[in-house]
Amino acid sequence: MRGKKKSEERYSEKRKKEERREKNKIILSEGRRKKRGFPFSNDRLCGLAMDCLAYQAAQHGKTDFLENIDDSTSETLFQETIQRKDNLLHIAMNFRQLAFAEEIIHSNSWLLTRANSKGDVPLHTASRRGYSDMVDLLIRSSIAPCDDIESNRETSPRNMLRMVNHEGDTALHVAVKYGHLDVVNSLVNADIELLHMDNNDDESPLYLAVERGFFHIGEKTIPRMAKYVSMADNFMKRRSR
């Protein structure tokens with residue numbers, strides 16, 4: 001009798017574990033559709049796991065995939081890779097798919113400031129890869145008027161160039177670390193103040209360039225800094241007269 005009772009208890013416990021697993025699956029599935037702190041009106045969709053078709057479309061630049069999406073509220077646009085939390089624009093940057101990136105920015109510019117699990121926005125990704133054409137596209141997009149997002153100044157594309165990741169690095173820090181001179185020039189031309197921004201280790205982009213022996217970057221940036229210092233000095237002299 002005791003053996004039979006123990007057997008029944010083990011069977012009952014096994015059934016309970018299976019029921020808990022099934023319940024957790026349901027909770028997880030539903031949780032993907034719950035609000036996850038996204039600042040826009042469709043934040044309930046944020047964090048959906050990216051399916052293979054969406055990833056491959058961004059990877060191979062299949063713009064027709066975007067044409068089949070009904071509107072900017074489609075769940076597809078809110079999908080992210082499971083580990084890095086990259087969105088479609090991150091992936092397009094990583095694989096240098098310019099046309100795909102242009103198309104998705106045109107209709108869904110809020111992806112410009114959507115960070116992944118490391119705090120990188122798509123500009124960080126393009127800068128790390130050294131794709132100056134992709135960086136130039138993002139810079140142009142950050143300057144272009146964007147009335148839909150301007151009300152949210154902290155995540156506005158206008159401030160995208162100065163956004164930092166979890167290490168406190170701007171895209172310029174990243175470009176310097178990897179020695180991509182063309183990207184450095186594009187970013188400095190777009191915002192000279194980036195040169196003075198320190199990361200979490202109190203390192204400026206210019207300091208990183210010299211530390212790593214990328215003297216060609218220093219030779220390009222120091223004259224630009226000197227030019228602006230000279231202009232500021234002349235302005236203050238005229239004011240004091």
Side-chain angles (χ1 to χ4, degrees), residues 35-48 50-51 53-81 84-129 131-165 169-172 174-175 183 186-187 189-191 193-194:
K35 186 173 181 179
R36 306 274 299 271
F38 196 64
F40 304 99
S41 59
N42 297 315
D43 51 6
R44 66 182 181 82
L45 300 174
C46 179
L48 291 175
M50 185 173 293
D51 60 45
L53 289 177
Y55 185 93
Q56 291 175 359
Q59 180 183 16
H60 299 292
K62 298 179 179 179
T63 55
D64 56 334
F65 176 82
L66 296 175
E67 294 172 1
N68 294 328
I69 297 176
D70 293 335
D71 53 38
S72 60
T73 63
S74 172
E75 292 185 4
T76 304
L77 300 175
F78 295 83
Q79 293 180 357
E80 299 171 342
T81 57
R84 290 183 58 89
K85 301 297 181 185
D86 285 338
N87 61 46
L88 290 175
L89 191 53
H90 283 106
I91 297 167
M93 292 295 118
N94 195 44
F95 290 98
R96 205 174 192 172
Q97 297 299 341
L98 186 62
F100 187 94
E102 286 178 328
E103 185 69 25
I104 200 168
I105 290 172
H106 177 71
S107 58
N108 306 282
S109 56
W110 52 265
L111 287 175
L112 287 166
T113 55
R114 180 66 186 166
N116 63 15
S117 61
K118 294 187 176 181
D120 289 342
V121 295
L123 183 60
H124 285 100
T125 301
S127 299
R128 181 175 292 105
R129 299 287 287 177
Y131 298 151
S132 57
D133 52 344
M134 305 299 281
V135 170
D136 289 340
L137 168 64
L138 295 175
I139 290 173
R140 292 195 303 271
S141 301
S142 73
I143 297 172
C146 191
D147 296 334
D148 292 338
I149 307 177
E150 190 60 31
S151 58
N152 192 337
R153 295 184 179 278
E154 292 184 358
T155 56
S156 169
R158 296 178 188 275
N159 296 324
M160 180 187 66
L161 299 181
R162 301 187 185 188
M163 293 186 72
V164 299
N165 59 20
D169 286 339
T170 64
L172 183 57
V174 173
V183 174
S186 294
L187 292 169
N189 287 333
D191 188 353
E193 294 298 325
L194 290 172

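These values consider heavy atoms only, across backbone and side chains, with no hydrogens, waters or symmetry-generated copies.
Closest of all the heavy-atom pairs between Val135 and Ala126 is CG2-CB, 3.8 Å. Minimum interatomic distance between Pro122 and Asn87 (heavy atoms only, all atoms of both residues): CG-OD1, 4.4 Å. Residues Leu194 and Arg162 share a closest heavy-atom pair of CD2-CG, 3.8 Å. Nearest heavy atom pair, residue Lys85 against residue Ser117, reads CB-N, 3.7 Å. Contact between Ala101 and Leu137 at its shortest, heavy atoms only, is CB-CD2, 3.8 Å.
Here the CZ atom belonging to Arg84 is positioned 6.5 Å from the CG atom belonging to Asp120, to the nearest 0.5 angstrom. To the nearest 0.5 angstrom, Ile139 atom CD1 is 8.0 Å from Asn189 atom CG. In this structure, Tyr55 OH and Phe65 CZ are separated by 13.5 Å, a value rounded to the nearest 0.5 Å. Note: Thr113 OG1 to Leu138 CG = 11.5 Å, rounded to the nearest 0.5 Å. Here the CZ-NE2 distance, from Phe100 to His60, works out to 11.5 Å after rounding to the nearest 0.5 Å.
A 4.5 Å side-chain heavy-atom check between Leu123 and Met163 finds every atom pair outside the cut-off. Contact annotation: the side chain of His124 never approaches that of Asn116 to less than 4.5 Å [non-hydrogen atoms, C-beta and beyond]. Thr170 is not listed as a side-chain neighbour of Leu161, based on a closest heavy-atom distance of 4.5 Å or more. Proximity of Gln97 to Ile91: side-chain heavy atoms (C-beta onward) are nowhere separated by under 4.5 Å. Arg129 is listed as a side-chain neighbour of Asn94, based on a closest heavy-atom distance under 4.5 Å. Taking the side chain as every heavy atom from C-beta outward, His90 and Thr125 approach each other to under 4.5 Å.
The backbone N or O of Asp86 lies less than 3.5 Å from a partner atom in the side chain of Thr81, making a donor-acceptor pair. No donor-acceptor distance shorter than 3.5 angstrom exists from the side chain of His106 to the backbone of Glu103, with no hydrogens or angles considered.
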>> What verdict does the side-chain contact (heavy atoms from CB on, under 4.5 Å) test give for Leu112 and Ile105, after you've listed the backbone C-alpha separation in whole Å, the side-chain angles of each residue and the deciding distance to 0.1 Å?
In response: CA-CA 7 Å; Leu112 287 166; Ile105 290 172; 3.9 Å; yes
> Where do Ser186 and Asp136 land on the side-chain hydrogen bond (donor to acceptor under 3.5 Å, both in side chains) test, with the steps shown first?
Replying inline: CA-CA 7 Å; Ser186 294; Asp136 289 340; 2.9 Å; yes
